[in-house]
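Note that ligands are numbered from 1 as they come in the structure, with each ligand's atoms numbered from 1 the same way.
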Amino acid sequence: MLRSLALVLALLFTGMIAARAEDTAQQAFEKDAQAAIKELASSLKSSLMAAMNEGGPAEAVSVCHLIAPTLAAEISKKYGLEIRRTSLKVRNPANEADAWETDVLQRFETRLASGEAIQKLTFKEKVDSESGSQWRMMKAIPTDKVCLSCHGKKIAEPVQARIDTHYPDDMATGFKLGDIRGAFTVSRDIIE
Ligand code: HEC
């Protein structure tokens with residue numbers, strides 16, 4: 001009787017500790033993911049502004065082409081996770097959304113259309129797949145005025161020429177102020 005009670009208690013404790021560990025890992029992921037998003041957003045913006053001021057938008061296309069993937073890789077390494085940018089209409093095919101990301105981006109569009117503020121559009125989830133489990137998080141990226149010279153409806157000819165050189169399959173134009181341009185997408189493998 002006592003033995004089985006002890007066993008039940010031991011099992012309960014193990015379960016509680018495992019659940020606690022998962023909570024802590026999830027919280028750590030959310031904290032790191034938010035910090036990584038903030039850092040990537042601000043470093044992209046300052047590189048973009050510096051390049052625009054220096055050489056104008058056409059030159060900045062080439063800078064963005066080189067710098068955006070490097071910055072994402074550096075910040076991924078720093079926080080021990082993977083951070084990228086993606087969209088329903090990508091410029092760089094390497095940024096294409098997977099099935100989970102496409103689904104989240106479509107739900108962001110629905111949430112925006114039903115009146116939710118674009119700054120509030122985030123989503124996180126534990127995702128199980130054949131290759132293992134991951135924490136995942138996404139945050140929408142709004143289209144600002146400064147984005148329109150490269151992602152808007154009217155792209156100046158020299159800018160378009162640069163885009164065509166680097167991205168022959170570009171889909172990322174035609175956006176207007178306040179549209180969802182894309183999203184930051186962050187993941188971390190769960191080691192069990
Ligand atoms: C000077 C031109 C330029 C401006 C201005 C610009 N972008 Fe981009 N954008 C690019 C280029 C080039 C890429 C492709 C980068 C790469 O190869 O990963 C890109 C890619 C992206 C992506 C990744 C998804 C994709 O389409 O491949 C997002 C999201 C994005 N831009 C958002 C923005 C936002 C938001 C702004 C305004 C704050 C902005 N961009 C301003 C040139 C620009």
- Message: Strictly under 2.8 Å of atom 8 (Fe) of ligand 1: which protein N/O/S atoms qualify?
- Response: H151 NE2
- Message: Can you see whether E125 engages W100 through a side-chain donor-acceptor pair at a distance of less than 3.5 angstrom?
- Response: yes
- Do T143 and H151 meet the criterion of a side-chain donor-acceptor pair at a distance under 3.5 Å? no
- Message: Within the 4.0 Å heavy-atom shell around P142, which atoms of ligand 1 are there?
- Response: 35 (C)
- Message: To check your reading of the model: name the closest protein heavy atom to atom 27 (O) of ligand 1, its residue, and the distance in Å.
- Response: N95 ND2, 2.7 Å
- Donor-acceptor pair, side chain of T70 and main chain of L66, under 3.5 angstrom: yes
- Find all atoms of ligand 1 within a distance of less than 4.0 Å from any non-hydrogen atom belonging to A60, and give their numbers and elements. 1 (C)
- Query: What residue among H65, R91, R162 forms side chain to side chain donor-acceptor pair (under 3.5 Å) with Y167?
  - Reply: H65
- Message: Taking 4.0 Å as the limit for heavy-atom contacts, which would you say applies to I141 with ligand 1: side chain only, backbone only, both, or neither?
- Response: side chain
- Check: R84 side chain, E96 main-chain N or O, donor-acceptor pair, under 3.5 Å: yes
- Could you tell me whether ligand 1 has any atom less than 4.0 Å away from a heavy atom of T143? no
- Any A51 heavy atom less than 4.0 Å from ligand 1: no
- Task: Please confirm whether the backbone N or O of G182 pairs with a side-chain atom of R85, one donor and one acceptor, at under 3.5 Å?
- Result: no
- Checking K89 side chain against T173 main chain: does a donor-acceptor pair fall under 3.5 Å? yes
- Message: Has D98 got a side-chain atom pairing as donor or acceptor with E101's backbone, closer than 3.5 angstrom?
- Response: yes
- Query: Which atoms of ligand 1 have any heavy atom of P57 under 4.0 Å away?
  - Reply: 1 (C)
- For atom 14 (C) of ligand 1, grab the closest protein heavy atom and report residue, atom and distance to one decimal in Å. Y167 OH, 3.3 Å
- Task: Could you tell me whether the side chain of S133 and the main chain of D128 form a donor-acceptor pair under 3.5 Å?
- Result: no
- Query: Any N/O of N92 closer than 3.5 Å to an N/O of ligand 1?
  - Reply: yes
- Query: How far is atom 28 (C) of ligand 1 from its nearest protein heavy atom, and which residue and atom name does that atom have?
  - Reply: R85 NH1, 3.3 Å
- Query: Just by distance, do the side chain of R136 and the backbone of F123 share a donor-acceptor pair under 3.5 Å?
  - Reply: no
- Message: Quick check on contacts: which atoms of ligand 1 are under 4.0 angstrom from a heavy atom of M52?
- Response: 1 (C), 5 (C)
- Message: Whether the side chain of N92 engages the backbone of A94 through a donor-acceptor N/O pair (distance < 3.5 Å, no angle test) should be reported.
- Response: yes
- Message: For the backbone of N95 and the side chain of T86, can you confirm whether one donor and one acceptor N or O come within less than 3.5 Å of each other?
- Response: yes
- Query: Of all the atoms in ligand 1, which lie at a distance below 4.0 Å from a heavy atom belonging to V146?
  - Reply: 5 (C), 38 (C)
- Examine ligand 1 and decide if any of its atoms is less than 4.0 Å from a heavy atom belonging to F184. no
